[in-house]
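Atoms considered below: every heavy atom in the structure, side chains included; atoms not considered: hydrogens, waters and symmetry mates.
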Amino acid sequence: MAGNAASIFWLEEYSGKSLTPVGSKRKAKSKKLEFNGWGSKPLIEFLESIGKDTTEKISQHDVSDIIGKYINDNNLTNPAKKKRVLCDERLYSIFGRKTISRIKVYDLLETHYLENQDAWDDDFFFSSEEENLGEEKKCLRLEKKTYQKKRDFETPKSCFAAIIPENIKLVYLKKSLVLDLSKDFGSFEAKVVDSFVRIKSDPNNFLQKNSHQLVLVKGMKKVSGNNDVNADILLQVSNFVKDVRIAMLSEDDFSQEECEDLHQRMKKGLLKRPTVAELEAKARALHEDITKHWLAAELTLLPKLIDRANEKGWRREYPF
């Protein structure tokens, strides 16, 4: 945990035999979403059609709950596959699909918020400002993609950060650290939201091969009426229907396979990919807390290691 670790990031690059300028590919894309205030036109029209006031922004989490209630009220759950939703005309206008996974409703709403448009575009590696620098600096979209990892100390801040352990560990929070952070509730939300935590995978999800998965903390809420302070805090995480209690978080390090699974979910558009600037800002905000937590754990482990070394030495000196 070097002092300047948070300032070094891995940048994801693409290489391939067939390179096509972004501009030529973009024309084949479907029509871009139109926005009416804070949300997309289809989302605003849906909310107003069921009697919701859209004058003020409705959070992504609340809209996800509203759609969940709409699904239940209109019996849109697939009878054969309970985790699938059969979209009626209203839901189809939002998601553009006849059927969707219920657990993905929250993440599918990401592109329907105006505030997310600047940082998230599936077809671009660099920002639109960088495209305007000239033809030679335009981002290239590849038809045949292979991935390389490149260490870069002066990376463009609008590039997407590589989803690899070296990057994710800078913003990964273990259960004990989340508990420590929860003691200062005033700063808790700012530090935990947009970090990654590790939870057990849904045993009913047969597509998930790993026992645990990395998830992005999207929000949090405090539940009243419980004497346990830690139990009062619920985390809202990506790709998970239910809110998560701190006690459900893992205390162990994540694996290479779990990081790759996270990468694949981002490539499929199931959750937002962080840019270098976003990851760097979050890593800087958490660096001191993660470092102190790591040092405390190492100091706790040190006496045990010393005792173990002494015992081995004693056995060598006085063998039986």
Spatial distance of atom CG (Asn167) from atom CD1 (Ile164) [nearest 0.5 Å]: 5.0 Å
Sequence neighbours left out, what passes salt bridge (Lys or Arg N to Asp or Glu O under 4.0 Å) with Glu260? Give chain and number order. none
Treating Asp107 as the side-chain partner and Asn239 as the backbone partner, does any N or O pair qualify as donor plus acceptor under 3.5 Å? yes
Please list all pairs meeting ring-ring contact (aromatic ring centres under 6.0 Å, His included) that have one or both residues in residues 33-69, counting only residues at least two apart or in different chains. Trp38-Tyr113, Phe46-Tyr70
Would you mind reporting whether Ser49 and Arg90 have side-chain heavy atoms less than 4.5 Å apart? yes
Shortest non-hydrogen separation from Ile163 to Cys259 and the atoms involved: O-SG, 3.7 Å
Derivation and outcome, side-chain contact (heavy atoms from CB on, under 4.5 Å), residues Leu235 and Val215: CA-CA 11 Å; Leu235 303 180; Val215 291; over 6 Å; no
Tell me every residue that passes ring pair (Phe, Tyr, Trp, His ring centres under 6.0 Å) with Phe95, counting only those two or more places apart in sequence or in another chain. none
Determine the minimum heavy-atom distance between Asn78 and Ala80, stating which atoms define it. OD1-N, 3.0 Å
Passing option when Ser195 is tested against Leu173, Ile168, Leu177 for side-chain contact (heavy atoms from CB on, under 4.5 Å): Leu173
Stepwise side-chain contact (heavy atoms from CB on, under 4.5 Å) test for Leu262 and Gln213: CA-CA 8 Å; Leu262 176 67; Gln213 61 178 313; over 6 Å; no
Would Glu278 and Lys272 count as a salt bridge (Lys or Arg N to Asp or Glu O under 4.0 Å) here? Give the steps. CA-CA 11 Å; Glu278 291 168 341; Lys272 181 180 174 182; 3.5 Å; yes
Partner set under salt bridge (Lys or Arg N to Asp or Glu O under 4.0 Å) for Lys174, not counting sequence neighbours: Asp253
For Lys292 and Glu288: C-alpha separation, side-chain torsions, deciding distance, then whether salt bridge (Lys or Arg N to Asp or Glu O under 4.0 Å) applies. CA-CA 6 Å; Lys292 286 181 178 179; Glu288 182 177 353; 2.9 Å; yes
If you measure from CD on Glu258 to OG on Ser211, what distance do you get to the nearest 0.5 Å? 6.0 Å
Between Glu257 and Asn210, which heavy-atom pair has the shortest distance, and what is it? O-ND2, 3.6 Å
With sequence neighbours excluded, tell me which residues meet side-chain contact (heavy atoms from CB on, under 4.5 Å) with Asn75. none
Sub-3.5 Å donor-acceptor pair from the side chain of Ser238 to the main-chain atoms of Leu216, do we have one? yes
Let me confirm one number: the CZ-OG1 distance from Arg102 to Thr77, rounded to the nearest 0.5 Å. 5.0 Å
If we only count heavy atoms from C-beta on, is the His112 to Ile94 side-chain gap below 4.5 Å? yes
ILVMFWY clustering at 4.5 Å (side-chain atoms), partners of Ile306: Leu302
Transitive ILVMFWY side-chain link Ile246 to Phe196, under 4.5 Å: yes
For the student: nearest non-hydrogen atoms of Arg198 and Leu214, plus distance: CB-CD2, 4.3 Å
Any sub-3.5 Å donor-acceptor pair from Ser64's side-chain atoms to Gln60's backbone N or O? no
Partner residues of Asp252 under the side chain to side chain donor-acceptor pair (under 3.5 Å) criterion, sequence neighbours left out: none
Between atom NZ of Lys175 and atom OG of Ser250, what is the distance when rounded to the nearest 0.5 Å? 8.0 Å
For a 4.5 angstrom cut-off between non-hydrogen side-chain atoms, does Asp180 reach Asp289? no
Tell me every residue that passes side-chain contact (heavy atoms from CB on, under 4.5 Å) with Met248, counting only those two or more places apart in sequence or in another chain. Val244, Arg245
dist Ile71:CD1 -> Leu91:CG (nearest 0.5 Å) comes out at 6.0 Å
Phe185 versus Met220: any side-chain heavy-atom pair under 4.5 Å? yes
Between Glu110 and Asn116, a side-chain donor and acceptor under 3.5 Å: yes
Met266 versus Pro274: any side-chain heavy-atom pair under 4.5 Å? yes
Atom pair CG (Leu108) and CG (Leu270), whose distance is rounded to the nearest 0.5 Å: 7.5 Å
Does the pair Lys57/Glu115 count as a salt bridge with the N-to-O cut at 4.0 Å? yes
Salt bridge (Lys or Arg N to Asp or Glu O under 4.0 Å) with Lys83: which residues, sequence neighbours excluded? Asp202
Asp261: salt bridge (Lys or Arg N to Asp or Glu O under 4.0 Å) partners, not counting sequence neighbours: Arg265
Fellow cluster residues of Tyr106, listed by chain then number, with links counted only when side-chain atoms sit under 4.5 Å apart: none
Any Leu33 side-chain heavy atom under 4.5 Å of Lys41 side chain: no
Listed by chain and number, what are the ring pair (Phe, Tyr, Trp, His ring centres under 6.0 Å) partners of Phe254, not counting sequence neighbours? Tyr172
Do Leu114 and Ile44 belong together in a cluster built from hydrophobic side chains that touch within less than 4.5 Å? no
Please check: side-chain N/O of Thr99 versus main-chain N/O of Val85, any donor-acceptor pairing under 3.5 Å? yes
Considering non-hydrogen atoms only, spot the tightest contact between Phe188 and Ile233 and give its length. CE2-CG2, 3.6 Å
Is a side-chain donor or acceptor of Asn74 paired with a backbone partner of Leu76 at a separation under 3.5 angstrom? no
Note, Pro79 side chain near Leu86 side chain (heavy atom, < 4.5 Å): yes
Do Ile100 and Tyr92 sit in the same hydrophobic cluster, where Ile, Leu, Val, Met, Phe, Trp and Tyr count as joined when their side-chain heavy atoms come under 4.5 Å apart? no
Answer yes or no: is there a donor N or O on one side and an acceptor on the other, between the side chain of Lys104 and the main chain of Leu271, under 3.5 Å? no
If you group Ile, Leu, Val, Met, Phe, Trp and Tyr by side-chain heavy-atom gaps below 4.5 Å, do Ile290 and Leu249 land in one group? yes
Kindly indicate whether the side chain of Leu170, heavy atoms from C-beta on, has any atom under 4.5 Å from the side chain of Leu286. no
Heavy-atom pair with the smallest gap, counting every atom of Ala190 and Lys282: O-NZ, 2.6 Å
